[in-house]
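Worksheet: one structure, shown below.
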Amino acid sequence: MPDSGSVMEDLQEPRGDLASRVLAMPTDTNPKGDIFGGWIMSLMDMAGKMSATTVANGRVVTVAVDRIVFREPVKVGDVVCCYTETLRTGRSSVTLSIEVWAMRQGQGVRVKVTDAVFTFVAVDDDGRPRPIAPTA
C-alpha cells in the first residue's frame, strides 16, 4: 500500500518531462481487462531509455529497477504517459525517477498509476561501460 503522507503522493502533477504517451489496447490485458504490469514496465523502460540516452549522449542499457509500485489499474482505452526525471548521473550511470500517469479513456484528470527508479549504464559499441561526458 502506498505511503499516504509521502511527498510524491501529495503531488497532483507528474514530476519530470513527458517521455512517452501511448493508448492502452486490448492485446495488453489479462482476462479481467486490466493492463499487464509487464506492459507498463516495458513502457517505463523504453521511456527511461530515451531519456537516459540523451543524458549519456549515446547507447545505454538498463541495469536496475528499484521500488516499482503499481498504484492503480490501467484499463483499455486509457492514455498512458511516462514522465522521467534525472535523479543522479554517475561516472557511467544515469538514475531516473519514472512515473506513469493515465488519463481515463483519454479524458479528465491524470491519475498516477505506477512509479519506480530505473538505472541505466552508458555502454560503448562492444557493450562495455563507458564514461558519461560531463555537461557544461
Side-chain angles (χ1 to χ4, degrees):
M1 177 156 227
D3 295 337
S4 60
S6 73
V7 172
M8 288 184 65
E9 285 298 310
D10 293 339
L11 294 176
Q12 297 300 311
E13 294 293 322
R15 293 186 336 167
D17 298 317
L18 179 64
S20 70
R21 181 171 42 197
V22 66
L23 182 64
M25 299 296 288
T27 55
D28 305 311
T29 65
N30 64 25
K32 292 288 188 182
D34 294 326
I35 298 298
F36 284 116
W39 183 78
I40 298 292
M41 288 179 68
S42 176
L43 292 179
M44 295 172 84
D45 195 33
M46 288 186 282
K49 185 262 187 224
M50 290 184 279
S51 295
T53 296
T54 301
V55 173
N57 196 29
R59 183 176 168 204
V60 296
V61 295
T62 309
V63 295
V65 178
D66 296 314
R67 299 184 296 275
I68 190 162
V69 179
F70 295 97
R71 299 178 183 281
E72 299 282 339
V74 175
K75 301 287 188 180
V76 170
D78 289 352
V79 172
V80 181
C81 303
C82 294
Y83 294 83
T84 63
E85 178 179 51
T86 303
L87 298 177
R88 180 179 166 279
T89 302
R91 189 185 81 72
S92 63
S93 66
V94 178
T95 302
L96 303 172
S97 168
I98 303 178
E99 295 182 353
V100 181
W101 291 67
M103 288 191 326
R104 303 303 186 188
Q105 300 302 302
Q107 302 176 18
V109 178
R110 289 177 290 204
V111 176
K112 183 163 53 169
V113 295
T114 309
D115 55 82
V117 174
F118 278 64
T119 302
F120 298 85
V121 168
V123 294
D124 62 19
D125 290 339
D126 295 321
R128 290 188 292 265
R130 64 168 175 83
I132 296 172
T135 56

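Starting from 1, each residue takes its place in the sequence as its number.
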- prompt: So which heavy atom on V74 is nearest to which on A24, and how close?
  reply: CG1-CB, 4.1 Å

message: Just so I know, are the side chains of R110 and C81 near enough to count as touching, which here means a heavy-atom distance under 4.5 Å?
response: no

query: How far apart are the closest heavy atoms of A116 and V65, and which atoms are they?
result: CB-CG1, 4.4 Å

Set of residues satisfying salt bridge (Lys or Arg N to Asp or Glu O under 4.0 Å) with respect to E85, sequence neighbours excluded: R15

message: Is there a continuous path of hydrophobic side-chain contacts, each under 4.5 Å between heavy atoms, that joins M103 to W101?
response: no

task: Can you tell me which residue pairs pass the salt bridge (charged side-chain N to carboxylate O under 4.0 Å, His left out) test with a partner in residues 45-61, sequence neighbours excluded?
output: none

Closest non-hydrogen atom pair, F118 against M44: CZ-CB, 3.7 Å

- request: Considering non-hydrogen atoms only, spot the tightest contact between G48 and I98 and give its length.
  value: CA-CD1, 3.7 Å

message: I'd like to check the side-chain hydrogen bond (donor to acceptor under 3.5 Å, both in side chains) partners of R104; sequence neighbours left out, ordered by chain and number.
response: D78

- request: Check salt bridge (Lys or Arg N to Asp or Glu O under 4.0 Å) between R88 and all other residues, then give those that pass, not counting sequence neighbours.
  value: none

message: Applying a strict under-4.5 Å side-chain criterion to I, L, V, M, F, W and Y, I'd like to know whether V94 and V123 cluster together.
response: no

message: Please enumerate all residues that pass side chain to side chain contact (heavy atoms under 4.5 Å, CB included) together with P129, with sequence neighbours excluded.
response: S92, V121

Side chain to side chain contact (heavy atoms under 4.5 Å, CB included) involving V117 - partner list, sequence neighbours excluded: D66, R67, L87, T95

- line: salt bridge (Lys or Arg N to Asp or Glu O under 4.0 Å) filter on D34, not counting sequence neighbours, yields K75

message: Using only atom types and a distance under 3.5 Å, with no angle test, would you say the side chain of Q12 pairs donor to acceptor with the backbone of V111?
response: no

query: Rounded to the nearest 0.5 Å, what separation is found between the CZ atom of F120 and the CE atom of M50?
result: 10.0 Å

message: Could you see if V60 belongs to whatever hydrophobic cluster contains M46? Use Ile, Leu, Val, Met, Phe, Trp, Tyr and a side-chain cutoff under 4.5 Å.
response: yes

message: For Y83 versus G16, what's the shortest heavy-atom pair and its separation?
response: CD2-O, 4.1 Å

- line: Heavy-atom closest pair (E72 atom, K112 atom, distance to 0.1 Å) is CG-O, 3.8 Å

Qualifying side-chain hydrogen bond (donor to acceptor under 3.5 Å, both in side chains) pairs, either residue in residues 123-134, two or more places apart: D126-R128

query: In a check of side-chain contact (heavy atoms from CB on, under 4.5 Å) between F70 and each of V113, D115, T114, V100, which one passes?
result: T114

- prompt: Out of curiosity, does I40 fall in the hydrophobic cluster containing I68 (side-chain heavy atoms, cut-off under 4.5 Å, transitive links)?
  reply: yes

field: Pairs touching residues 17-33 that satisfy side-chain hydrogen bond (donor to acceptor under 3.5 Å, both in side chains), sequence neighbours left out
entry: D28-W39

